[in-house]
Protein chains: 2
Amino acid sequence: MPSVEAKDIFSGHIKEKGLRNTRQREIILDAFLSSKKHITVEDLFNIVKKKHPEIGYATVHRNLKLMCESGLAEEIKIGTSKAKYELKYGHEHHDHLICLNCGTFIEVNDEKIEKLQDKLAEQKDFQPVRHKLEIFGFCNKCR
Amino acid sequence: MPSVEAKDIFSGHIKEKGLRNTRQREIILDAFLSSKKHITVEDLFNIVKKKHPEIGYATVHRNLKLMCESGLAEEIKIGTSKAKYELKYGHEHHDHLICLNCGTFIEVNDEKIEKLQDKLAEQKDFQPVRHKLEIFGFCNKCR
DNA sequence: GTAATAATGATATGCATTATCATTAATATG
DNA sequence: CATATTAATGATAATGCATATCATTATTAC
């Protein structure tokens, strides 16, 4: 059950930082872990709100940020649109193909490209930490 | 003199769209063409303001957008930071190495990576149009 | 020169994100 | 268990940037 491990990452971070476990935090975390990929703060807020209307937007936002800090989640921003969050733990690094028409995200990974990137950085005497590759175009439905 | 050609691209677009040439447009264009790379609206506004304090922020913003539309300039957004604009015409496609410490942009290009990207897209039945590759890390000064 | 209308400049609006702050609640300690 | 400490919450305000609005000005076609 990977979500148990995922939870451990989060609670480990909480403990490490001297933060506290709260009912809201647990609810928001569970909702995030059982949600679909690429969720926005608003999306998650709306899901949480159904069963827990007392939980505020700011709390959802704060906890998504905290999940990113813990390494559990990752924030994705494309252009000006709102930030989306995806589960990072147990989820290999990948890049995105983004449809210019329907906005679909397709996740891809290519070991060769990754290696070439490192090589490229090295040539410029640059120490790479992370990267972001987005390929925009049209998916098979929108061609 | 490449800037003459660059100007032609812009004025061609103006003509094509039935737009008009104005004094402000000319001033903003000239300022952009002689500016450094990766300039923000605010930067350009401040440059223009020195000699032409009557020109407004909105006009600079609108004209930068128009330059992008014409293909002369390109908008670059990294994360949440403000949009930057760079000259696109006469300037090969390239990606960026971005220093996490000092924010420097290093321009890079690798034909192999470009090709692999196309291949990758093809495998997913995706028609690529453009892409954006950003490698974050530390430059030689900030290592 | 005149009419049509695009562009300008000042400012308002929109919108997502983040900050503020009084109140509530979680944890540690005696 | 009671209490103190202080993090977290929830409502809302503030922020920051991009863009829209609108009265006025200026450009282009005729």
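Being a predicted model, the structure only gives us computed values, none of them experimental. The chains referred to below are lettered A, B, ... by the order of the sequence lines, with proteins before strands, and numbering in each begins at 1.
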Any luck finding a side-chain donor-acceptor pair between B/His91 and B/Glu107 under 3.5 Å?
yes

At their closest point, which heavy atom of B/Ala121 faces which heavy atom of A/Leu97, and how far apart are they?
CA-CD1, 4.3 Å

List in chain and number order the residues that pass ring pair (Phe, Tyr, Trp, His ring centres under 6.0 Å) with A/Phe45, two or more places apart in sequence or in another chain; answer none if no residue qualifies.
A/Tyr57

Could you run through nucleotides 1-11 of chain D and give me one letter per nucleotide, 5' to 3': B if any protein heavy atom sits under 4.0 Å from the base, S if only the sugar-phosphate is that close, - if neither?
----BBBSBBB

Quick one: do the A/His38 and A/Glu86 side chains pair a donor with an acceptor below 3.5 Å?
yes

Presence of A/Lys82 side-chain N/O under 4.0 Å of C/dT17 phosphate oxygens OP1/OP2:
no

A/Lys84 and A/Asp43 ion-paired at < 4.0 Å
no

Can you measure B/Glu69 atom CD to D/dT19 atom C1' for me and round it to whole angstrom units?
14 Å

To the nearest Å, give me how far apart CG (B/Leu64) and P (D/dA18) are.
10 Å

Rounded distance in Å - CG (B/Leu44) to P (D/dA18):
13 Å

Salt bridge (charged side-chain N to carboxylate O under 4.0 Å, His left out) partners for A/Glu54, two or more places apart:
A/Arg23

Once you round it to whole Å, what is the distance between P of C/dA6 and CD of B/Glu26?
21 Å

Write down the distance between CZ (A/Phe45) and P (D/dT12), rounded to a whole number of angstrom.
12 Å

Expressed as a whole number of angstroms, how long is the span from A/Lys77:NZ to D/dC17:C1'?
11 Å

